[in-house]
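I have placed the structure first, in the form of structure tokens, so that the comments after it can refer back to it.
The sequence lines fix the lettering, A, B, ..., with proteins before strands; numbering per chain opens at 1. Computed from heavy atoms alone, side chains included, the values below leave out hydrogens, waters and symmetry copies.
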Amino acid sequence: MKAEALENSAAMQGPWSISLPTVKRFKIKAGRGDLHWGDRLFFWLMSTAAVGICGLLGLILAFLVYSALPTITQFGWAFLVEKSWDPVNGEFGALAFVFGTVVSSLLALLVATPLSVGIALFLNELAPRRVAKGIGFLIEMLAAIPSVVYGLWGIFVLAPWLRTTVQPFLGDWFGFLPLFQGPPYGVGLMTSGIILAIMVIPTISSLSKEVFRAIPRANREAALALGATRWETMRLSVLKSSKTGIFGAVILGLGRALGETMAVTMVIGNRNDISSSLFAPAQTMASIIANEYAEATTSLHLSALAEVGLALFAVTFLINGLARLLIWRMKGRA
Amino acid sequence: MKLWTALSVLFFSPALFAAALINGAGASFPYPLYAKWFSEYQKVNPEVQINYQSIGSGGGIRQFSQKTVDFGASDAPMTDEQIKEAKEPVVHIPTVLGAVVVTYNVPEVTKPLQLSGDLVADIFLGTITKWDDARIKAQNPGVTLPAKAILVAHRSDGSGTTNIFTDYLSKVSPAWKEKVGVGTAVKWPTGLGGKGNEGVAGLVKQTPGAVGYVELIYAKSNDLKFASIKNKAGAFVEPDMKSVTAAAGATKIPADFRVSLTDASGKGAYPISGFTYLLVWKKHPDADKGGKLVEFLNWAVTDGQKYAGDLHYAPLPSSLVPKVQGAIKTLDAKPAAKAKG
């Protein structure tokens, strides 16, 4: 990563010095005169595209801040720590949505991470090649299912099953925990967590698989040669050295879970409240925008929704940044 | 070169029809009827093509005020503040009526339930929590009510349906007015939110003990069970096209048509109903388009009304039609070239 970044920054110093693909440490540099006009045109096109995307990001941010200005000036930081959302009386606080977004996404990761890593291990280390190819293909197909279809499945199959079977069982046996208290509605945090988990499994498992595949065969052979069992081989030579990679995969999954709108809106119960129970309905930042934007009548309401969007932007940015930082630190230690 | 030809056709062809293309946007509730109207009207007057996007009433009012569309559509009339922001005079044209029904899923109950307004308000406030509550029993003699918990389902998306429903509850229940109020999106004291009519209906259908509210059209076309509501005259009225039209007939309509029809006083009037409107400028910036729009509006409130019934919309009461035509006459537009049947 770092070496690449250095090369890119060298290229960015000016249009006259372009770094072409490097062979090991030997770098070919072309001066202005040597370049074919096509290469120069290509350079300009590509750099415009790259800079343009960053500019677009800035414009989106500026738009959000501009639209959210009325609520930012009126509520200040209280917007983020206040949970009352009352469009009729013009009171807006986003805490319940931040809570819903973070909890449903973390729940999804809690379910999806062990499953996905297990799937990746099985496909890469245990399964016969043909089987692995077939199953891998099917799992990646999960990512191609539109989220509204997940939502429908959640409403008609998952939620009723959770309501009649799983949640009463959890309530009977683990009802002493605040997590499993309250009436089983079917729709709610738990349902959206599970739906999100299924949606991020393809992302995490296929990336983890790539990480495992990158580990040299020799590492496994070394472990086997030392008399390690199959499980010990996987633990010592595969899992241990791919921690950073798995972490990166999980973060990419988290990125998908945080912003997911349609499927979550359909199964989360859409209630602007904070509850300790996983059975309780909740609302996410993405779902409140999807729910209320089209029919928002006052300008303050619109501005509040824009600020929720800004908060979502900030949360995803923060989490991704934090993950990057962690990965860099882990890399440094390894 | 073929590509360029195709592209230029794509880009320039709408310009050929620009004179006859009228754009509108707004409420999703009347969309099925409007779609029918626009296609039928094109048969009557082939020069006019009307393009409508059902983006919701709030969006319709915004786009209309910013003049990105030629007309808007909204389930709730524009507020005084919105009219002031629009700067130029706006005319509301009521087109048809809609109603909101209270739907429920209590398998033990075989007869249609009867509910009074304050009872509905207390159920949605969360103060009545069981189906066998003494107050529900008192209004439904002879109906066996189970000791099940009531689960409230409401719209999670902002909606004209919610606006009519909360407007009604505010009129009949002081507690509702104080704690929740009226709006397209409100702070619900209890219950689960479903997106759209189908979301609420889905929650109600799948949860025994659930109660929710949906549009009459939606309830009719999906065979949902719904309650009779006690109106101001003290009669329990079942929602149907007749009782909804009766609500408009019984209410005194002001000259600008901006009126709430909920809790209407007539004996046969269903109390949770309201107009849906088309919003037009008193003076359309493009006189030619304005003239075409006037022709269409005249057709919609007369010949167009016959299409309403099949799609479960309640037509305007016949006593109101001349008043609406009068309002259309006040629009400042180029007179139509020739009268259309």
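Scanning for side chain to side chain contact (heavy atoms under 4.5 Å, CB included) contacts around Val91(B) gives Ile93(B), Val280(B), Lys282(B), Leu331(B), with sequence neighbours left out. Applying the side chain to side chain contact (heavy atoms under 4.5 Å, CB included) criterion to Val259(B), with sequence neighbours excluded, gives Thr251(B), Ile253(B), Pro254(B), Leu261(B), Phe275(B). Remark: Ala219(B) pairs with Val101(B), Val214(B), Leu224(B), Phe226(B) by the side chain to side chain contact (heavy atoms under 4.5 Å, CB included) rule, at least two apart or across chains.
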Pairs of donor and acceptor atoms, chain A with chain B, under 3.5 Å:
unit_1    : atom_1 : unit_2    : atom_2 : d
Ser84(A)  : OG     : Lys187(B) : NZ     : 3.4
Ile155(A) : O      : Gln206(B) : NE2    : 3.3
Arg163(A) : NH1    : Gln206(B) : O      : 3.0
Arg163(A) : NH2    : Gln206(B) : O      : 2.6
Gly269(A) : O      : Gly193(B) : N      : 2.5
Asn270(A) : ND2    : Ser156(B) : OG     : 3.3
Asn270(A) : ND2    : Gly193(B) : O      : 3.1
Arg271(A) : NH1    : Trp188(B) : O      : 3.3
Arg271(A) : NH2    : Pro189(B) : O      : 2.9
Asn291(A) : O      : Gly158(B) : N      : 3.0
Asn291(A) : OD1    : Ser156(B) : OG     : 2.8
Tyr293(A) : O      : Arg62(B)  : NH2    : 3.4
Ala294(A) : O      : Gly59(B)  : N      : 3.0
Glu295(A) : O      : Thr184(B) : OG1    : 3.0
Glu295(A) : OE1    : Ser57(B)  : N      : 3.4
Glu295(A) : OE1    : Gly58(B)  : N      : 3.1
Glu295(A) : OE2    : Ser57(B)  : N      : 2.4
Ala296(A) : O      : Arg62(B)  : NH1    : 2.8

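For the set Gly199(B), Gly191(B), Gly183(B), Gly202(B), the count of heavy-atom pairs under 4.5 angstrom toward chain A peaks at Gly191(B). Residue with the most contacts toward chain A among Gly59(B), Ala185(B), Gly181(B): Ala185(B) (heavy-atom pairs, distance under 4.5 Å).
Side-chain N or O atoms of Thr71(A) include one that pairs as donor or acceptor with a backbone N or O of Ala68(A) at under 3.5 Å.
For chain A, no part of Ile61(B) is nearby; none of its heavy atoms comes within less than 4.5 Å. Pro208(B) touches chain A through its side chain: at least one heavy atom from C-beta onward sits under 4.5 Å away, while N, CA, C and O do not. Only the side chain of Leu302(A) comes within less than 4.5 Å of a heavy atom in chain B; its backbone stays farther off.
Contact annotation: the side chain of Leu169(B) approaches that of Val120(B) to within less than 4.5 Å [non-hydrogen atoms, C-beta and beyond]. Side chains of Ile268(A) and Val187(A) form no contact here, defined as non-hydrogen atoms less than 4.5 Å apart.
Heavy atoms of other residues, nucleotides or ligands lying less than 6.0 angstrom from CE of Met141(A) number 12 at most.
Of all heavy-atom pairs spanning Leu279(B) and Phe64(B), the tightest one is O-CE1, 3.3 Å.
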